[in-house]
2 protein chains.
Amino acid sequence: MSKAQATRSDILTRAMELIYKQGFQSTSIDDILATTQVTKGAFYYHFKNKEEMGIALIEEAMHTEIWPGIQSSLSSSSNFRDNIYKMMDKLLFKHPFMTVEHGCPAVNLIQEMAPLNEAFRLALKKSLNKWERAIEAEIIRGQETGQLARSHDAKQIALHIITLYHGVRNMGKLLGKPYYVSFLSEFRQYLDSLN
Amino acid sequence: MSKAQATRSDILTRAMELIYKQGFQSTSIDDILATTQVTKGAFYYHFKNKEEMGIALIEEAMHTEIWPGIQSSLSSSSNFRDNIYKMMDKLLFKHPFMTVEHGCPAVNLIQEMAPLNEAFRLALKKSLNKWERAIEAEIIRGQETGQLARSHDAKQIALHIITLYHGVRNMGKLLGKPYYVSFLSEFRQYLDSLN
DNA sequence: ACATAAACATACCAATTAGTATGTCGCAAA
DNA sequence: TTTGCGACATACTAATTGGTATGTTTATGT
C-alpha cells in the first residue's frame with residue numbers, strides 16, 4: 001500500500017470510528033483530523049467534500065469491516081439454520097468494534113442519512129441488498145437440501161431476518177446486552193419454527 | 001391554555017417536526033425559532049438549554065402524539081391478535097405526521113441519542129416501557145380469555161413486537177412503503193403462529 | 001540530476017452554533 | 001397608582017463548522 005493510500009485509509013478508519021459513535025452529521029472533519037496525523041489539505045486532496053467521504057466509507061469500510069464476518073458464517077456448515085444463527089450471533093457478539101450501546105454503523109447510517117441524502121440511501125441500499133441476497137441464497141440452499149419447504153418465500157424471510165437485526169440493534173441501545181441474549185434465543189426459535 | 005403555555009407548546013411542536021426530520025443534534029435552536037414567532041429569549045425562558053428541551057419533548061410531545069393511537073387500538077375488540085395487529089397497522093399507516101422516509105421519531109431518537117446522553121436514554125426507556133407493558137397486558141388478556149397458551153412469555157412477545165416495529169421503521173427508509181405492506185402481512189402470520 | 005505532478009501543509013474565511021446579558025412590556029396584587 | 005414579576009425581545013459572543021487559497025514537500029519517471 002502506497003503512502004497516499006495509507007493516508008486515505010487512515011481517514012476512513014478514523015471517520016468510521018467517530019461516525020459510528022456520534023453520527024455522520026455530528027462528526028466534524030476537524031474531529032477526524034484532530035486524532036490523526038492527517039491535515040485538512042490531505043483530507044480535501046482525497047475527498048471532494050464530506051459527503052463524498054461518507055459514500056466512500058459505506059462502499060469501502062463497510063464492505064471490508066462487516067462483510068467478511070457474514071460470509072464466513074454462511075455456508076460454513078450444511079445446516080442452513082445453524083449458519084444463519086451463527087451469522088447473527090457473530091454480528092451481535094463477536095465483532096471487533098461494534099458495541100451494544102452504539103449498535104451497528106450500517107443501521108445507524110440508514111436511520112440518520114437515508115432520508116436526508118439520496119446518494120447515501122443508494123449506497124446503503126446496495127450494501128443491504130448484498131447482505132439480503134447472501135441470506136436468501138443460504139435459505140434457498142436449505143430448500144434445495146430438503147431442510148425447508150419450498151413454499152417459503154426466501155426473499156421475504158431474508159428481509160425479515162435483516163429487519164430483526166435492525167430492531168435488536170436499536171433496542172439494545174436501551175436495554176443493553178441482556179436483551180441480545182434473550183433475542184438470540186428467540187431468534188433460534190424463529191428459525192426452528194420455519195419448517 | 002395561557003399564552004405562556006401556548007408559546008412553550010409552539011416550541012415543542014416545531015422542535016418535534018424538525019428533530020423528527022433532521023435529528024436532534026442537527027436541529028439548531030435557530031432552526032426552530034426561524035419558523036415560529038418565538039424568540040431566543042422566550043426559548044431560554046422556557047428551557048434551561050437544548051438538552052432539557054429534548055427531554056421535555058420525549059416526555060410530553062411523545063406521550064401526547066403517539067400514545068393515544070396505541071391506546072385506542074389495544075383493548076378495542078375482544079380478539080387480542082386483531083388489536084395488536086391494528087395497533088401496528090395504525091402506527092405504520094394511519095399516523096398524521098409520520099412518514100415512511102423519516103420513520104418514527106421515538107425510534108430515531110433512541111438510535112441517535114441513547115448512546116450519547118443518559119438523560120435521553122432514561123426518558124426514552126421509560127416511554128418504551130409504557131408501550132411494552134401495554135402490549136404485555138393485551139397478551140395476558142389474550143391468555144386469560146383462552147386465546148393464547150399460558151406457556152408463552154408475554155413480556156418476551158411484547159419486546160419482540162417492539163423490536164419488529166423498530167426494524168421495519170428503519171428498513172422502510174431504504175425500501176419504502178411497499179415493505180410496510182409485506183411486513184404487515186408477515187406480522188399477521190406471526191401473530192397467528194402464536195397458539 | 002531534473003522537471004513535474006502528486007501529495008500534502010498552513011492559514012484563512014463566512015456561516016452557523018449554543019448560550020448569555022440586558023433590556024422591555026404587560027398585568028396582577030397591594 | 002405603583003410595584004414587581006412573569007414573559008418575553010434584542011443584541012451580542014466565543015467556539016465550531018465545511019470549505020478554499022495558496023503555499024511546500026515528496027516521489028517518480030526520464
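Below, chain A is the first sequence line, B the second, and so on; all start at residue 1.
Among the protein residues, A:D30 comes within range of the nucleic acid bases, having at least one heavy atom under 4.0 Å from a base atom. The residue A:S26 sits apart from the nucleic acid: no heavy atom pair falls under 4.0 Å.
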For a quick test of your reading: what N or O donor-acceptor pairs under 3.5 Å do the side chains of residues 67-82 of chain A make, sequence neighbours left out?
from, atom 1, to, atom 2, distance (Å)
A:W67, NE1, A:Q71, OE1, 3.1
A:S72, OG, A:G69, O, 3.2
A:S72, OG, A:K90, NZ, 2.6
A:S73, OG, A:G69, O, 3.1
A:S75, OG, A:E138, OE1, 3.4
A:S76, OG, A:S73, O, 2.9
A:S76, OG, A:N83, OD1, 3.2
A:S76, OG, A:K86, NZ, 3.0
A:S77, OG, A:N79, N, 3.0
A:S77, OG, A:N79, O, 3.3
A:S77, OG, A:N83, OD1, 3.0
A:N79, OD1, A:R81, N, 2.8
A:N79, OD1, A:D82, N, 3.1
A:R81, NH1, A:L191, O, 3.0
A:R81, NH1, A:L194, O, 2.4
A:R81, NH2, A:Q147, O, 2.5
A:D82, OD1, A:R188, NH1, 3.1
A:D82, OD1, A:R188, NH2, 3.4

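Remark: B:M88 CE to B:Y180 OH distance equals 10.5 Å, nearest 0.5 Å.
Scored by the ring pair (Phe, Tyr, Trp, His ring centres under 6.0 Å) test, B:F97 finds B:Y20, B:H95 as partners (sequence neighbours excluded). With sequence neighbours excluded, the residues that form a side chain to side chain contact (heavy atoms under 4.5 Å, CB included) with B:A6 are B:M1. Annotation: ring pair (Phe, Tyr, Trp, His ring centres under 6.0 Å) contacts of B:F120 (sequence neighbours excluded): B:F24.
Here the C1' atom of nucleotide C:dT16 and the CD atom of B:Q22 are 13 Å apart, to the nearest Å. The distance from atom CD of A:Q25 to atom C1' of D:dT16 is 16 Å, rounded to the nearest whole Å. Atom-to-atom, CZ of B:F24 to P of C:dT17 comes out at 13 Å; the value is rounded to the nearest Å. Distance A:I11 CD1 to D:dG18 P: 14 Å, rounded to the nearest Å. Taking atom CZ on B:F47 and atom P on D:dA7, their separation rounds to 13 Å, with Å as the unit. To the nearest angstrom, C1' of C:dG23 lies 19 Å from OH of B:Y44. As a whole-Å value, the separation of A:I29 CD1 from D:dG19 P is 5 Å. Look at CZ on B:F43: it is 13 Å from P on C:dT17, rounded to the nearest Å.
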Pairs under 3.5 Å (N/O, protein and nucleotides 4-8 of chain C):
from, atom 1, to, atom 2, distance (Å)
C:dA7, OP2, A:Y45, OH, 2.2
C:dC8, OP1, A:T7, OG1, 3.0
C:dC8, OP2, A:T7, OG1, 3.4
C:dC8, OP2, A:H46, NE2, 3.0

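Considering all non-hydrogen atoms of both residues, B:L116 and B:Q25 come closest at CD1-NE2, 3.4 Å.
Within the 4.0 Å cut-off from OP1 or OP2 of C:dT16, not a single side-chain nitrogen or oxygen of B:S28 is found.
Side-chain atoms of A:K50 and base atoms of D:dG19 include no donor and acceptor less than 3.5 Å apart.
The side-chain hydrogen bond (donor to acceptor under 3.5 Å, both in side chains) pairs that include a residue from residues 50-66 of chain A are A:R8-A:E60, A:E51-A:N117, where partners are two or more places apart or lie in different chains.
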